[in-house]
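Working notes for the structure below.
Hydrogens, waters and symmetry mates are skipped; everything else that's a heavy atom, side chains included, is used. Chain A is the first sequence line, chain B the second, and so forth, proteins listed ahead of strands; every chain is numbered from 1.
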Amino acid sequence: MAAAISIKGLTKKYLDVWNKTEITAVDNLNLEVEEGEVFGFLGRNGAGKTTTIKMLLGLIFPTEGEASVLGKPLGDIEAKAQVSYLPENPYFYDNMSGWDVLDFYGRLFRIGEPERSKRIQKVLEDVRLDPKAWKRPLRGYSKGMMQRIGIAQALINDPKLLFLDEPTSGLDPIAHAELRDIIVNVGKQGKTVFLSSHQLPDVEMVCSRVSIIHRGKLLAMGPISELTAGEKVEIQAEGIQNGVLEKLQSLTGAVEQSQGRIRIPATDADKVSDVIDIVRGAKGKIISVIPHKRTLEEVFVDTVLKAGGD
Amino acid sequence: MSPSTRKNLIIAIVPLMIAVVFLQSLLDPQLKQIRGAQRTPLVGLSNEFILGPLLGLQQAVAGLLWIRADEFFHEGDYDAILPIVRMVTWLDPHQLDVYITGAWHLSYNFTDSSERSDRRYIPAAMKLLEEGDANNPTVYDIAFEAGWQSIDKIKNYEQAEDWFRKASLRKAADEAGRVTKSPPMFVRHQLAHALARQGRIDESLAVWKQCLTESEEKVKENPNDSSVRNVRDSQRHNYLLNLKRKFSRYTHEIDWPVDRARTQSVNEQTGEPTPRDAYLMTDQKEVTSRANAFRRAGEPVPPMGVGQPRPPATRPLWDTAFDTQKGGTTTVTFPSAKVLDIKGQMAVGDGARVTIRLQDEKWREPKLKDFTFSVDRSVTLMQDQHSVRNYTWGRKIDMSKDPKMYSFSGEYYFLILEFNPRQTSPFIQDRFGWSGEGITDKKYLITIPPMREGQPPLRMIRKVYRLSRAQIMGSQPVTEKDVVPNADFDRFQRELQQTASR
Amino acid sequence: MVTMAIAKQTLEDMLRRKILLILLIVALGMIALGPSVGFLSPRESSVVLRSMGLAVILIAGLLITILSGIQVIPTEVERRTIYTVLSKPVQRYEFVLGKFLGGIFTVFVMIAAMGIVFLGVLAWQERHFAPDMLKGVLLTFFQMMLLGAMAIFFSTFATPVVNFFLSFSLFIVGNMSAVTESLTSNKNPVTRILASIVHFLIPNFGNFNIQNKLIHPEVTISNETVFIVQNIVYAIIYSAVLLILAILVFDRREV
Ligand SMILES: Nc1ncnc2c1ncn2[C@@H]1O[C@H](COP(=O)(O)OP(=O)(O)OP(=O)(O)O)[C@@H](O)[C@H]1O
Ligand SMILES: [Mg+2]
């Protein structure tokens with residue numbers, strides 16, 4: 001499969017004119033996003049996610065490095081015709097109705113009539129915007145409705161590649177779930193999605209691959225299953241003598257003890273069998289051995305903490 | 001945008017800017033035309049520096065100011081208007097009515113408590129009109145107004161003639177706002193009047209004749225336009241009337257009531273009315289009384305008889321007997337300070353006017369270089385006129401209530417009493433001629449040599465007193481000893497002119 | 001199509017601006033109330049009516065142009081709507097042109113409204129149509145087009161407040177063309193050169209002030225049509241230069 005997005009050594013430095021300091025918002029970033037992938041782009045506030053997306057869309061220009069979108073250089077008009085973008089906290093001309101805004105964006109994509117009206121109708125249905133609101137000015141829209149218009153305008157050109165910058169922030173649980181479903185659907189249609197988000201459970205649900213950036217640097221990247229793979233096994237045992245406890249502690253580090261039971265975390269298979277051997281050798285009784293998959297959240301926090309995140 | 005596109009765009013700016021500079025050089029001379037008239041600089045600054053930031057709103061600002069001036073006018077706050085006139089004409093030198101109204105205002109609206117106008121403002125008024133005319137040299141309006149003030153207020157008929165001639169050569173604006181039309185006919189009517197007032201009656205007749213010919217053409221073109229016909233009729237009336245007047249005054253006196261009752265027709269070559277009865281002596285009684293008049297005046301009696309033409313109306317000479325009619329003399333008294341009580345006699349018909357003028361000894365018409373609306377408050381200049389009624393004239397002139405106008409700050413004053421036939425009504429001129437050819441006076445007749453080619457000398461009456469401040473304050477009486485002989489007065493005035501021009 | 005779509009959206013947006021509408025209504029009211037001023041002679045009131053009408057159109061046009069010119073692009077950035085627009089297949093020059101045209105359409109609509117009311121008031125007052133005044137309104141519009149192009153150019157790199165003062169002061173300097181013109185023949189060579197630069201290179205807004213000619217019949221000009229056409233061409237060419245500059249700057253601009 002061809003790369004929908006290919007980023008090589010992308011760097012963006014902002015010059016703070018007042019303090020005469022340089023902020024490196026994106027630092028030598030390398031990424032490839034395959035066509036058809038739903039790609040999660042994770043990072044803390046200020047990690048450089050939005051900056052990266054803006055560079056990929058030609059809104060701002062890289063300080064160093066290069067990138068291509070749909071095989072075309074950054075800012076290329078032909079590529080843009082097949083790309084769409086939902087900015088974070090999007091805002092639209094609020095004197096216009098939902099329909100008119102989509103009509104305007106449809107014109108920007110050079111979609112002629114009657115095709116344009118058909119598409120508008122379809123995307124408004126797809127994002128499940130109440131038809132009664134279609135011809136009302138955006139001024140009266142709720143945050144969720146606004147976000148739906150945002151998604152709708154990103155779908156109006158039937159894009160190959162969507163950039164969604166925190167599409168679900170600030171929504172109530174139901175709206176949130178609905179929008180997540182919409183994104184899942186988009187992914188199912190074979191479109192490439194570049195999703196920047198803090199909502200890790202969402203990302204876990206919709207993305208096939210994720211990357212984590214921190215202070216502009218790429219820390220981790222891979223399929224979610226791989227990232228969360230490093231399993232954690234919880235072993236519960238009873239009747240352990242004191243000397244054994246120290247031994248276990250030196251092997252695995254953290255040992256919890258409560259109500260005569262101990263809980264020993266082990267991260268690889270060798271250690272699990274070592275622990276079992278030690279417990280058994282000390283006449284202890286193994287109650288259970290439970291493997292725990294790490295959550296994306298844990299992976300994220302671990303990764304960021306390991307990189308010295310504060 | 002590709003670097004080559006960028007480069008091309010940058011290169012494209014060069015020819016565009018060259019075109020801009022070229023266009024600007026084409027526009028500049030035309031803009032000069034639009035900015036038009038030279039303006040009187042304000043406070044030494046080049047006008048552009050002040051007018052530039054007005055963004056082409058000068059006319060509107062001027063208009064607003066003028067509306068304000070109009071309010072002052074209605075409130076009677078005349079002093080406030082003058083600075084506005086100055087500002088408005090400076091901001092927008094094409095507001096003809098502002099010059100005209102401003103000048104009219106200066107000439108007529110400043111008066112003392114008895115409605116005598118303050119003539120110290122007249123030079124300023126004329127200067128304002130001059131400036132306005134110079135700023136609007138294509139249109140007739142301001143020149144006409146200057147002519148009108150010269151004829152009506154100043155009674156300087158030579159100056160009036162010049163302005164009206166100027167105006168008659170100009171153009172008038174049409175409804176579409178283009179200056180294409182000839183000025184209205186009344187401009188030349190006034191020119192004819194100004195010429196007649198100078199005694200240049202043949203030139204005046206020629207102007208009337210020319211107007212009449214043109215109007216006849218217009219009537220032919222628009223036979224149904226009653227206004228054109230009315231103009232034609234009034235021109236014809238004026239033309240014929242003046243012909244008859246010339247005939248009556250200088251050839252054979254016409255019996256006007258007879259002439260008016262029986263005929264209107266006139267021989268245009270001679271001015272002779274038809275039938276001739278109008279100027280023939282009717283009976284022996286008339287012949288005798290006319291002959292006696294010649295004898296009384298000490299003139300040879302021309303051949304006369306019933307059915308013969310009468311002598312011209314200006315013969316024999318008519319003694320105005322200024323001062324001496326009924327044996328009296330002019331009496332000048334100051335019953336209280338600055339209150340002039342003057343009485344006199346003159347043997348002319350009722351309605352002739354005597355001009356009374358009281359001025360500083362050293363006063364002469366100032367020559368203003370630029371318009372200014374401030375007058376020299378130390379100057380005293382009073383002028384009034386009084387009609388003769390039943391051979392006497394007289395008036396009490398109270399100058400004590402208007403110290404601003406009559407400061408009497410000088411030591412000596414001239415009190416000038418004049419009768420000028422050129423300024424008098426036509427029915428009185430019928431006796432004396434346009435230039436006083438028919439008057440004489442034993443004491444006060446003066447003859448002013450022609451000022452223009454074709455102008456007869458002017459015969460007029462003038463009596464001048466030289467008064468001290470003490471006399472005006474009423475503390476010393478005024479007697480005939482204070483009378484200055486006309487020759488001395490003329491010499492004094494000539495010397496004054498010379499020192500001033502040096 | 002994209003340019004026009006942006007222009008249309010801008011026009012609709014601007015026509016909803018309360019401040020612009022208030023300006024327009026006040027101006028229309030002043031023009032309509034014009035005839036009630038003064039007890040002036042017919043000629044005076046004609047002069048006053050014309051000069052006031054043209055002045056109100058000029059001032060209102062000026063404010064409308066500057067307020068919309070300095071706003072059209074920064075508003076997009078401020079409201080972040082520019083992200084959704086420029087991430088679409090829209091060339092940056094199309095965006096600049098669309099914004100310029102939208103602003104100019106706004107100015108046109110408003111000046112046209114004032115012009116129509118002005119001509120109507122004049123016709124009603126003087127009982128005949130005064131088509132001459134259209135020339136003044138037309139030149140005011142082109143003057144404003146040039147000013148709008150300048151404001152758009154400045155808005156590609158200056159904040160609206162800076163832009164407001166910049167545009168306004170250059171408008172005034174450009175109106176002093178009579179001064180700079182007279183200085184181009186100054187004795188001092190330095191003054192002469194500086195004046196020439198200012199005179200020929202700064203947009204000469206004074207070029208369009210034909211009011212004197214229109215109000216006063218006694219002011220004549222060799223050929224009015226040529227003058228008006230040259231002025232319009234001047235405005236178009238100079239606006240083109242400013243728009244090219246705006247595009248060059250905006251093309252490099254991060255949003
Ligand atoms: N225009 C700018 N000028 C200077 N610094 C900037 C600018 N835009 C972003 N930055 C800085 O670059 C860094 C990355 O910002 P960016 O908006 O890309 O973060 P983000 O990952 O999108 O964060 P968030 O999750 O809060 O949206 C931040 O430190 C931010 O302060
Ligand atoms: Mg962000």
Original post:
Is any NZ, NE, NH1 or NH2 atom of the basic residue among B:Arg86 and B:Glu131 found under 4.0 Å from an Asp or Glu carboxylate oxygen of the other?
Top reply: yes
Original post:
Hey, what's the ring geometry for C:Phe157 with C:Phe154, parallel, tilted or perpendicular (30° and 60° as the breaks)?
Top reply: perpendicular
Subject >> Contact winner vs chain C - B:Asp28, B:Asp141, B:Val139, heavy-atom pairs under 4.5 Å >> reply: B:Asp28
**OP:** Pick whichever of B:Thr101, B:Val98, B:Val21, B:Thr138 has the most heavy-atom pairs under 4.5 Å with chain C.
**Re:** B:Val21
**OP:** Examine whether an atom of C:Ile244 lies under 4.5 Å from a heavy atom of chain B, and if so say whether it belongs to the side chain, the backbone or both; otherwise answer neither.
**Re:** side chain
Original post:
Would B:His105 and B:Phe110 count as a ring pair (Phe, Tyr, Trp, His ring centres under 6.0 Å) if you check the C-alpha gap in whole Å, the side-chain angles of each, and the deciding distance to 0.1 Å?
Top reply: CA-CA 7 Å; B:His105 183 64; B:Phe110 291 92; 5.5 Å; yes
Subject >> Per-residue contact mode, B:Thr180 against chain C (heavy atom under 4.5 angstrom) >> reply: neither
**OP:** Side chain from CB out, backbone as N, CA, C, O: work out which of these in C:Asn223 comes under 4.5 Å of a heavy atom of chain B, or both, or neither.
**Re:** backbone
Subject >> Taking every non-hydrogen atom, the tightest pair across C:Ile228 and C:Leu138 >> reply: CG2-CD2, 4.3 Å
Original post:
Under the 6.0 Å and 45° cation-pi test, does C:Arg252 pair with C:Phe250?
Top reply: no
**OP:** Step by step, work out the salt bridge (charged side-chain N to carboxylate O under 4.0 Å, His left out) result for C:Glu126 and C:Arg50.
**Re:** CA-CA 11 Å; C:Glu126 296 178 353; C:Arg50 276 152 215 261; 2.3 Å; yes
**OP:** Output the option from C:Phe205, C:Phe208, C:Tyr234, C:Tyr93 having the highest count of non-hydrogen pairs under 4.5 Å with chain B.
**Re:** C:Tyr234
Subject >> Top contributor to chain B interface from C:Val173, C:Ile59, C:Asn204 [non-hydrogen pairs under 4.5 Å] >> reply: C:Asn204
**OP:** Answer yes when B:Glu71 and B:Arg68 have at least one side-chain N-carboxylate O distance shorter than 4.0 Å, and no when they do not.
**Re:** yes
Original post:
Relative to chain B, which of C:His199, C:Gln91, C:Glu224 shows the most heavy atom pairs under 4.5 Å?
Top reply: C:His199
Subject >> Residue selection (most heavy-atom pairs with chain B, distance under 4.5 Å) from C:Leu214, C:Leu54, C:Ile221 >> reply: C:Ile221
Original post:
Which region of B:Ile18, side chain (C-beta onward) or backbone (N, CA, C, O), has a non-hydrogen atom less than 4.5 Å from a non-hydrogen atom of chain C, or is it both or neither?
Top reply: neither
Subject >> Heavy-atom pair count under 4.5 Å with chain B, highest-scoring of C:Ile247, C:Ile215, C:Asn207 >> reply: C:Asn207
**OP:** Please determine if B:Lys127 and B:Asp370 form a salt bridge, counting it only when a charged side-chain N lies under 4.0 Å from a carboxylate O.
**Re:** no
Original post:
If you count heavy-atom pairs under 4.5 Å between each of C:Gln211, C:Gln230, C:Arg92 and chain B, which one has the most?
Top reply: C:Gln230
